[in-house]
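In what follows, a single structure is set out as structure tokens and then discussed.
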Amino acid sequence: MPARFPPRAPDPAKAGIGLRTPHFEALAARAPALSFLEVHSENYFAEGGPALAWLERFRADYAVSLHGVGLSLGSADPLDPRHLDRLAALAGRVEPALVSEHLCWSSIGGTHLGELLPLPYTEEALAHVCRRVTEVQERLRRTILVENVAAYVRFSSSTIPEGEFVAEVARRTGCGVLLDVNNAWVNAANHGTDPRAILDALDPACVGEIHLAGYEATPDGLVDTHGARVFPEVWALYEEALARLGQVPTLVEWDNDIPELDVLLEEAARADAILASAGARPRVAA
Amino acid sequence: MTGTGALARMQAAFASAVTDGDEAAVTAHLAGDPALARRRLAIYREAIGANRRGALRSAFPVVARLVGEAFFDEAARRLAAVAPPACADLNRYGDGFPAFLSTYPHAEAMRWLADVARLEWAWHEALSAADATGIDFAALAAVPAEEQPALRFSLHPSVRLVRSAWPVLAIWEANQPGRDGTPDRDEGADDVLAWREDGRVRMALLAPPDAAFVEAIGRGTPLEVAAGSEGWDFAPMLVRLAAHGLLAGFAGPQSAG
């Protein structure tokens, strides 16, 4: 199929933002310089209509990343062929620079729970997830990135540290990693582990994108709400990550209590400043 | 089919805990302080409920306004218990809500409520239906007169027709933002056409013969059959559909299928 859009890739030295409906008009009018725009793939699974038309309009000017929240890579259910078909159709339509999903499960027994639920880090789950990542990559005819999720519970059956589990998925399948620095912080705080352990475990070359977002502190732990500015300790962990990885395309996510576009642009500019002081990468992820 | 290994057992137990509140099976799978783990499970349970309610509230804002928050949330909870989302795309969740409301005992006093929900679902579907280019009028004009009665039209994918015994369009309009909820009329059996035009969903009241005609050609009925035999003139309705870009194509007697 001939390309419909100019090829665009994220600028690794600059940050992007999540594209959300309340910002469509302002973003189109102001056209700020951004590394890329990221959308939740499922929000554009419609066959037509205004949301897709907006996305195609933005794709003409920006690199786009399709970030899935519903493929349920880690579910014991079979992958949903309709979901894969819709994702493949969307990718054909917008020619994204990046396609990503979460290392989690969100459905079982045919029922979708709509949340990013944690996996037990076992050999069984690892082999299962790797088969599924391969299935998705073969269907889409491209590599994907997989993201470490925030987890509020842990499983007694887990035998593999999270960072090593994520690293091993990338090593076995050739996929890349979307390192969510906020999730790394949230999990370490919730489970009393070292937030740097995942940085130690990952091959720097496999990290193709970084996510930043805000959490909410509750009496029962930190919750990954994407409803606040990035916290200072997460910015610090981000600096540490870039010191090891070099410049990686970075995204500021905001999904709840969405503020004015300017707030997201301020957060992206702050990430830009940290990216500028990090060196270029020795190697670039696939 | 769900797998049978330890992963499948854990996920089934987890799903029970975060939807039905049955934590008996999941506790054996959780590490750390059991009391804290249960409070953390509640974070997931509340988020799942909120996502489902939010999806329904977004597709059915008029029903939500008509019944109030507590009623709506309880109806959403009961719908999810009998018909949880079967697809990851929550924009598609809610197609069963009108039928659910039509037999919901607490909605008995609002007999029109299920039809208002049908209208909202028609609006919701029209917004994201496939795009289509309009009909080729030059080709249509070239159809010989003797073949015209056998023409079958296809409608724009966004077209939805809701036929109700209640004044559902008046109720819908009265409950849009800025209106006080009082319908302009309290009588009527509304036949409502919903469609998308220039990226926006529009709705219009149709006279009963117009509605029957649109319904018939939407099923692929040949023009002369759809037009009926009572001397009713179908041409104004056909022109009206064409003017809004709602005729997507046609097939003559030669092009079967």
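Per chain, numbering begins at 1; letters A, B, ... match sequence-line order.
Atoms OG and CG, on Ser128(B) and Asn43(A) in that order, are 11.5 Å from each other to the nearest 0.5 Å. One distance of note links CZ of Arg40(B) with NE2 of His191(A); it measures 6.0 Å at 0.5 Å rounding. Interatomic distance, CE of Met10(B) versus CG of Leu119(A), reported as 6.5 Å (0.5 Å rounding). Of the inter-residue distances, the one linking Tyr152(A) atom OH with Leu30(B) atom CG reads 15.0 Å to the nearest 0.5 angstrom. Taken to the nearest 0.5 Å, the CD atom of Gln11(B) stands 9.5 Å off from the OG atom of Ser106(A).
For the pair Arg39(B) and Pro219(A), the minimum side-chain heavy-atom distance is 4.5 Å or more.
Looking at Ala129(B), the atoms closer than 4.5 Å to chain A (heavy atoms on both sides) all sit in the backbone: N, CA, C or O. Only the side chain of Thr19(B) comes within less than 4.5 Å of a heavy atom in chain A; its backbone stays farther off. When heavy atoms are compared at a cutoff of 4.5 Å, Leu36(B) approaches chain A solely by way of its side chain, counted from C-beta outward. Contact of Ala55(B) with chain A is not made at all, since no heavy-atom distance falls under 4.5 Å. With a 4.5 angstrom heavy-atom cutoff, Leu116(A) touches chain B only via backbone atoms. With a 4.5 angstrom heavy-atom cutoff, Val223(A) touches chain B only via side-chain atoms. Residue Ile43(B) touches chain A through its side chain alone, counting heavy-atom pairs closer than 4.5 Å.
Closest approach of Pro118(A) and Tyr44(B) over heavy atoms only: CD-OH, 3.3 Å. Among all heavy-atom pairs drawn from Asp131(B) and Gly49(A), the shortest one is OD1-N, 3.2 Å. Summarising the geometry of His128(A) relative to Leu7(B), their closest heavy-atom pair is CD2-CD2, 3.6 Å, with the distance given to 0.1 Å. Across every non-hydrogen atom of Gly199(B) and Pro50(A), the tightest pair is O-CG, 3.4 Å. For the residue pair Gly70(A) and Ala88(B), the shortest heavy atom distance occurs at O-CB, 3.2 Å. Across every non-hydrogen atom of His112(A) and Arg52(B), the tightest pair is O-NH2, 3.1 Å.
Classified by interplanar angle (parallel below 30°, tilted 30° to 60°, perpendicular above 60°), the ring pair Phe14(B)/Trp105(A) is perpendicular.
Counting heavy-atom pairs closer than 4.5 Å to chain B, the top residue among Thr111(A), Thr122(A), Thr218(A) is Thr111(A). Contact tally against chain A (heavy-atom pairs below 4.5 Å) for Ala47(B), Ala28(B), Ala15(B): the top residue is Ala47(B). Annotation: maximal heavy-atom pairing with chain B below 4.5 Å, among Ala53(A), Ser158(A), Gly74(A), Ser72(A), occurs at Gly74(A). Of the residues considered (Ala126(B), Cys87(B), Pro157(B)), Cys87(B) shows the highest number of contacts with chain A, using heavy-atom pairs under 4.5 Å. Taking Leu90(B), Val18(B), Leu127(B), Asp89(B) one by one and counting their heavy-atom pairs under 4.5 Å with chain A, the maximum is reached by Leu127(B).
Under a cut-off of 6.0 angstrom, the local environment of CZ in Arg38(B) is sparse, with at most 12 non-hydrogen atoms contributed by other residues, nucleotides or ligands. For CG of Asp255(A), the number of neighbouring non-hydrogen atoms (other residues, nucleotides, ligands) closer than 6.0 Å is greater than 12. By the neighbour-count criterion of 12 heavy atoms within 6.0 Å, atom CD of Gln176(B) is densely surrounded, having more than that number from other residues, nucleotides or ligands. Sparse packing is recorded around CZ of Arg200(B), with 12 or fewer heavy atoms of other residues, nucleotides or ligands lying under 6.0 Å away. Within a 6.0 Å sphere centred on CG of Asp198(B), other residues, nucleotides and ligands contribute 12 heavy atoms or fewer.
Not one N or O on the side chain of Ser157(A) forms a donor-acceptor pair closer than 3.5 Å with the backbone of His29(B).
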